[in-house]
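Computation of the quantities below employed the complete heavy-atom set of this structure, encompassing side-chain atoms and omitting hydrogens, waters and symmetry-equivalent molecules. Order of listing sets the numbers, starting from 1, for every ligand and every atom in it.
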Amino acid sequence: MCGIFGEVSLSGDCLKRTINGIGSLEHRGYDSMGVVYKTKEKTNIAKIISPDQSKSANDLYGEISNIEDFCPVALGHTRWATCGKISLNNTHPHKGEKSYLAHNGNIINVSKLKKLLGSEKFVSETDSEVVVKLIDKYYSKSGDLINSIEKVLSLATGANSFVLFNQDFPDKLFCASKGGPLLLGKTKDSVIVASDPAAFLSRDVKRENLYKIEHIVAVSHNSWEIIEKKRASEIVDPFLDNGKGDYPHYMLKEIFEQPQTIKNALNGRTELDRGNAHLGGLHDIARDLRKVETFHFVGCGTAYNACLYGAALFNRFGIDARAWIASEFIYNHPYIKPNDAFIFVSQSGETADTIEVIKEIKMKGNICLGVVNVPDSRIATMTDAGVYIQSGIEKGVASTKAFLGMISVILLYAVFLARQRKMTIDTGIGILKMARELPKMIALILEQEDKIKKMAKKILRFDNMYFMGRSMNYIIAEEGGLKLKEITYKHAESYPLGEMKHGPLALISPDFCSVVIAPNDSVYAESLVGIKEILCRNGKVFIITSDDYDFDLPLDNIRIPALPQKYEFMYPFLTVIPLQLISYYIAVELGLNPDKPRNLAKSVTVN
Ligand code: AGP
């Protein structure tokens with residue numbers, strides 16, 4: 001969470017480049033933005049806040065009068081508030097005696113660090129200001145800035161990264177990381193530091209010129225000095241991103257990219273003649289995986305919903321599995337057998353709650369696998385092996401295509417592991433062939449955009465609703481409900497449809513609507529019973545169903561392509577699409593920006 005961008009360059013263009021840079025990181029937080037920049041005469045600072053998500057980095061220009069001045073160093077920050085409310089005083093960069101600091105993370109022992117500053121007065125409520133003041137305190141005593149940074153870095157607990165500009169070093173930036181994401185990239189005339197590969201997309205940074213900061217690095221205009229090299233430099237794939245293109249929002253663009261998302265995930269990984277998935281990332285560990293008794297999926301939010309799908313699919317294929325919400329895992333005191341393996345699912349690969357579980361499982365010595373999107377992210381590097389989902393950069397805070405990428409890769413895992421066990425070659429061939437048809441089917445659903453938009457407009461009048469389904473489509477009800485809450489701020493609850501009669505039915509009235517996912521699968525008849533129970537209580541029902549079933553109920557419906565019943569476990573790939581579009585269009589109708597939902601950030605790097 002929070003985006004940091006800094007640049008050092010003799011071109012003198014660092015201010016504008018830094019404003020652009022933090023603009024490219026807004027998916028990490030957009031509560032407020034700030035920049036500190038050096039000009040010949042002085043060090044300047046500009047800040048704006050955006051509590052209603054109306055502003056973006058470019059609005060900083062309104063606060064700057066000397067934009068054309070020669071600027072060899074600048075440092076910017078876009079904030080997702082953790083420590084202290086959204087206010088100008090809490091906006092980064094924060095100031096010490098001589099240093100300015102942009103910070104990402106959470107200092108868990110901030111009160112202890114504060115005590116080291118005695119009676120020092122603070123302008124902000126942030127832990128970041130404590131860090132910069134403490135560094136400057138040590139620096140004024142010792143005259144050694146690196147040592148001072150090192151000391152504070154070792155005192156602070158929690159996953160953190162920060163970049164610091166000190167007025168005694170007018171042509172340098174100092175970068176530090178203790179578990180927080182921070183990358184360096186060299187361009188032809190500058191060095192950039194950023195908390196996310198997205199910042200390098202529009203710049204001429206070559207992959208071999210990227211470095212992941214593990215400790216402290218001093219950066220100048222054409223080089224950097226690694227103060228303590230813990231690990232050889234790593235290559236980060238910054239993906240290819242062409243911006244929003246003709247789409248008004250990243251979310252819509254990413255929804256429409258989904259036929260390609262599945263192709264990317266399956267590409268080169270389906271061996272039709274052997275009815276198996278070819279997963280290079282699991283090659284070295286395959287023999288150990290054959291011995292695993294139970295697989296535990298772990299993730300948060302949308303990634304957790306992908307975990308629910310994974311557990312259901314594995315069980316259907318005869319492999320024992322279950323899904324865990326990462327932030328709840330430890331409290332459950334789960335009994336882990338020596339032969340159990342874990343599959344950590346994450347788009348960003350930086351989610352702190354998920355990382356905590358990896359640490360716990362590594363301590364126990366069980367196998368840790370990954371299903372991750374961002375290459376070389378923490379989860380990708382901490383796990384023993386894994387498979388990238390290859391969805392490309394996802395900028396919408398509400399995850400869409402990454403979910404599809406996750407369940408695509410999970411389907412490949414399931415085939416691979418089931419083929420190791422009891423699945424026949426013919427079954428494997430059939431599943432993989434069917435999977436390769438999914439992109440076309442998704443494209444057909446996307447062609448119904450106008451019809452889905454009309455349904456969204458009808459749902460708009462309801463402030464409360466249920467999302468429901470049976471079997472695997474209950475999982476999609478969870479994902480649909482999460483999307484709706486995230487970007488429309490409407491109240492949605494997700495239930496297995498069969499649970500209605502055990503209590504939730506009490507809420508049904510003409511002012512309460514239910515979105516039911518009921519394709520013509522093996523539980524369709526039961527789903528219809530549930531729908532009728534709602535209708536006879538005057539509840540409003542919207543249904544996502546398949547195009548092979550004629551029902552005589554007067555329901556607003558979206559039809560998706562039908563699947564043969566033996567492949568009904570692939571319906572989630574299709575049923576999720578209309579739900580993403582419904583939430584998107586409700587948000588747009590309400591005048592909300594789906595790319596910047598309030599209170600949220602793309603990567604949740606705090607516990
Ligand atoms: C999804 O729309 C969310 N914004 C959020 O729930 C997200 O899925 C969750 O924070 C996990 O993120 P990760 O996939 O990067 O680990």
Side-chain angles (χ1 to χ4, degrees), residues 1-2 26-30 80 82 159 181 195-198 239 249-252 254-255 258 261 297-310 323-329 342-358 370-383 386 388-410 467 475-476 478-489 492 494 576 579-584 587 593-607:
M1 269 141 152
C2 294
E26 278 178 359
H27 55 285
R28 296 188 70 96
Y30 34 79
W80 184 80
T82 43
S195 45
D196 196 309
F239 298 118
H249 299 103
Y250 277 104
M251 183 177 176
L252 191 62
E254 287 158 5
I255 290 172
Q258 290 178 109
T261 304
F297 284 91
V298 182
C300 305
T302 286
Y304 171 67
N305 292 334
C307 292
L308 286 173
Y309 177 75
W324 298 92
I325 292 176
S327 59
E328 286 287 308
F329 180 81
F342 282 72
I343 304 181
F344 296 94
V345 183
S346 174
Q347 187 287 127
S348 63
E350 302 286 350
T351 302
D353 288 328
T354 308
I355 288 171
E356 278 310 303
V357 184
I358 301 182
V371 174
V372 174
N373 192 30
V374 177
D376 296 310
S377 53
R378 287 194 80 203
I379 295 176
T381 45
M382 287 173 83
T383 43
Y388 284 122
I389 68 174
Q390 315 268 36
S391 297
I393 210 148
E394 187 183 61
K395 286 225 172 169
V397 168
S399 185
T400 52
K401 65 173 181 174
F403 176 75
L404 213 71
M406 287 166 185
I407 60 174
S408 304
V409 165
I410 286 170
F467 280 78
I475 296 162
I476 296 310
E478 285 288 354
E479 178 57 10
L482 176 62
K483 280 305 83 103
L484 190 94
K485 282 179 274 209
E486 278 187 293
I487 60 168
T488 74
Y489 319 145
S494 304
V576 74
L579 298 187
Q580 296 168 341
L581 280 171
I582 285 171
S583 290
Y584 172 80
N593 180 352
D595 284 345
K596 287 187 174 183
R598 71 182 179 205
N599 305 339
L600 301 180
K602 183 77 182 150
S603 312
V604 187
T605 54
V606 290
N607 294 111

Give a yes/no verdict on whether any heavy atom in Thr354 is under 4.0 Å from an atom of ligand 1. no

Could you tell me which residues satisfy ring-ring contact (aromatic ring centres under 6.0 Å, His included) with Phe297, sequence neighbours excluded, listed by chain and number? Phe314

Which residue is it: Phe403, Tyr309, Phe467? I am looking for the one with a side chain to side chain contact (heavy atoms under 4.5 Å, CB included) to Ile476. Phe403

Which of the atoms in ligand 1, numbered in the order shown and given with their element, are less than 4.0 Å from a heavy-atom of [X]?
X	value
Ser399	1 (C), 2 (O)
Ala303	8 (O), 14 (O)
Ala398	2 (O)

Do you see a donor-acceptor pair shorter than 3.5 Å between the side chains of Ser399 and Glu394? yes

Can you tell which part of Glu350 has a heavy atom less than 4.0 Å from ligand 1: side chain, backbone, both or neither? neither

Residue-level breakdown please: for Thr302 versus ligand 1, do any non-hydrogen atoms fall below 4.0 Å on the side chain, on the backbone, on both, or on neither? both

Taking the six-membered ring where the residue is Trp, are the ring centres of Tyr584 and His249 under 6.0 Å apart? yes

How far is [atom] from its nearest protein heavy atom, and which residue and atom name does that atom have?
atom	answer
atom 11 (C) of ligand 1	Cys300 O, 3.2 Å
atom 16 (O) of ligand 1	Thr351 OG1, 2.4 Å
atom 4 (N) of ligand 1	Glu486 OE2, 2.7 Å
atom 15 (O) of ligand 1	Ser348 OG, 2.6 Å
atom 14 (O) of ligand 1	Gln347 N, 2.7 Å
atom 6 (O) of ligand 1	Gly301 CA, 3.2 Å
atom 10 (O) of ligand 1	Val604 CG2, 3.7 Å

With Leu482, which residues qualify under side-chain contact (heavy atoms from CB on, under 4.5 Å), at least two apart? Thr302, Asn305, Glu479, Glu486

Please confirm whether Val397 comes within less than 3.5 Å of ligand 1 when only nitrogen or oxygen atoms on both sides are compared. yes

Taking side-chain hydrogen bond (donor to acceptor under 3.5 Å, both in side chains) as the criterion, tell me which of Gln258, Lys483, Lys401 meets it with Gln580. Gln258

Inter-residue atom distance [X].[atom1] - [Y].[atom2], 0.5 Å rounding:
X	Y	atom1	atom2	value
Leu484	Ser494	CG	OG	9.0 Å
Leu600	His27	CG	NE2	14.0 Å
Thr383	Phe342	OG1	CZ	13.5 Å

